[in-house]
Amino acid sequence: MEQARASLRGSAIGSLPGVRPGVLENDLLRALDRREIEVLFQPQFACASGAVVGAEALARWRHPTLGEIGARDLFAIAERAALVAPLSRHVVARALEDAATWPEALTLSLNITPEELGDPRFAADFAALIGRSDIAPKRLMLEITEDLLLRNLAQAASALKALRGLGFRTALDDFGAGFCNFRYLRELPLDALKLDKAMVDGVPGDATALAVLRAIVALGKALGLAVYAEGIESEIQRAAITAEGCDYWQGFLRAQPMPSESVLALARTARGMGHG
């Protein structure tokens, strides 16, 4: 089991030692039925004030033998089991349920899967799901990644345009982790750009990394996009991205993914309100 856990953490889900093919897929189906998939939240902070402004919802599965399985591996298992759509609906529903207790000033970021965005019915179905919750669309940020967009850019643009027309906000996530296709910035209706951790690694000591960060932030600003920096782990990084004009950040410097009640508690503290 230790070997299996190590393989699970170090690779996309494949053949795991000691785990028979199909076992994880069957386990996931039961986990969905039993509401064993939990949702944690990664707090997001304003660069200017340091206040908590919202959080990104992240799925976690505490497998009875393999331990914690993170969102990336969890959705890889779901894709093999043809359970991506049910898993995503489950995560969104749990996140909305938890965030319904948050003050209106806090926003909620939700990750959208390729399967969802490629479905012509997605925009209408998603709007209906949100309509049954207590959260207004303007408080939601829908995050999409570059690998998702490669599959069907026209369909993605159409769905995002429809959702944006209903008041939802949209962000291009993990920018810098892949090909950095600038075409997306031209053709998609976006409100925000989220810079991958790779874009802030080495900043500010690495002059080249700093120059690239500066250029990307300037591009985002020229397009009227809010700029988020992900993976902030030190005060010097936080100071650097703030000096370069980023609007928001998230990372382990102040908070790891946490339950909903911990987000509320953090938001009420002096640091969470930007006073420390």
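Counting from 1, the numbers follow the sequence of the chain as shown.
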Short side-chain to backbone donor-acceptor contact, [X] and [Y], under 3.5 Å:
X: T242; Y: R238; value: yes
X: E244; Y: A240; value: no
X: T170; Y: P189; value: yes
X: R254; Y: G50; value: yes

Open item on the list: With side-chain contact (heavy atoms from CB on, under 4.5 Å) as the criterion, how do L83 and I77 come out once you've worked through the C-alpha distance, each side chain's angles and the decisive distance to 0.1 Å?
Closed with: CA-CA 8 Å; L83 290 172; I77 297 168; over 6 Å; no
TODO: From the options V227, D247, I241, select the one residue that forms a side chain to side chain contact (heavy atoms under 4.5 Å, CB included) with C47.
DONE: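 Among V227, D247, I241, the one that satisfies the side chain to side chain contact (heavy atoms under 4.5 Å, CB included) with C47 is I241.
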- [ ] Before giving the answer on side-chain contact (heavy atoms from CB on, under 4.5 Å), spell out for V200 and E233 the whole-Å C-alpha distance, their side-chain angles and the decisive distance to 0.1 Å.
- [x] CA-CA 10 Å; V200 298; E233 297 179 352; over 6 Å; no
Task: salt_bridge(R60, E38) N-O dist < 4.0 Å - done: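 Looking at R60 and E38, the cut-off is not met.
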TODO: Before accepting this row, confirm whether a basic side-chain N of the pair D191/R164 lies closer than 4.0 Å to the acidic partner's carboxylate O.
DONE: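 Answer for the salt bridge query: yes.
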TODO: Before giving the answer on side-chain contact (heavy atoms from CB on, under 4.5 Å), spell out for E261 and T101 the whole-Å C-alpha distance, their side-chain angles and the decisive distance to 0.1 Å.
DONE: CA-CA 9 Å; E261 57 270 20; T101 63; over 6 Å; no
Mind listing the closest non-hydrogen atom pair of [X] and [Y] along with its distance?
X: K194; Y: E143; value: NZ-OE2, 2.7 Å
X: A59; Y: V91; value: CB-CG2, 3.7 Å
X: L74; Y: L28; value: CD1-CD1, 3.7 Å
X: S133; Y: I130; value: OG-O, 2.7 Å
X: A209; Y: D201; value: CB-O, 3.8 Å
X: L106; Y: A267; value: CD1-CB, 4.2 Å

Would you call [X] and [Y] a side-chain contact if the rule is heavy atoms closer than 4.5 Å?
X: L163; Y: P137; value: no
X: L219; Y: L223; value: yes
X: R94; Y: I37; value: no
X: L117; Y: Q155; value: no
X: N111; Y: F75; value: no
X: L188; Y: L153; value: yes
X: L210; Y: R214; value: yes
X: D173; Y: E230; value: yes

From [X] atom [atom1] to [Y] atom [atom2], the distance as rounded to the nearest 0.5 Å:
X: Q256; Y: S262; atom1: CD; atom2: OG; answer: 12.0 Å
X: S88; Y: L110; atom1: OG; atom2: CG; answer: 8.5 Å
X: K138; Y: L166; atom1: NZ; atom2: CG; answer: 14.5 Å
X: I216; Y: F182; atom1: CD1; atom2: CZ; answer: 4.0 Å
X: L129; Y: L96; atom1: CG; atom2: CG; answer: 6.0 Å
X: L160; Y: L172; atom1: CG; atom2: CG; answer: 10.0 Å

Open item on the list: Would you call the rings of F45 and W249 parallel, tilted or perpendicular, taking 30° and 60° as the class edges?
Closed with: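 The arrangement is parallel - the two ring planes meet at less than 30°.
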When you look at [atom1] of [X], are more than 12 heavy atoms from neighbouring residues, nucleotides or ligands closer to it than 6.0 Å?
X: E235; atom1: CD; value: yes
X: I236; atom1: CD1; value: no
X: R30; atom1: CZ; value: yes

Joint hydrophobic cluster, [X] plus [Y], side-chain heavy atoms closer than 4.5 Å:
X: L58; Y: L195; result: no
X: F41; Y: M141; result: no
X: Y184; Y: L193; result: yes
X: L140; Y: L190; result: yes
X: L253; Y: Y248; result: no

- [ ] Any chance you could pull the hydrophobic cluster mates of F252, using side-chain heavy atoms under 4.5 angstrom and chaining through other members?
- [x]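 Answer for F252: none, a lone residue.
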Task: Polar contact flag, side-chain donor to acceptor under 3.5 angstrom, Q42-E56 - done: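 The answer is no; no qualifying pair exists.
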Open item on the list: Can you confirm whether or not the ring centre of F168 sits under 6.0 Å from the ring centre of F126?
Closed with: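 Judged by ring-centre distance (under 6.0 Å), F168 and F126 do meet the cut-off.
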Task: Full working for side-chain contact (heavy atoms from CB on, under 4.5 Å) between H63 and L24 - done: CA-CA 9 Å; H63 192 277; L24 283 175; 3.7 Å; yes
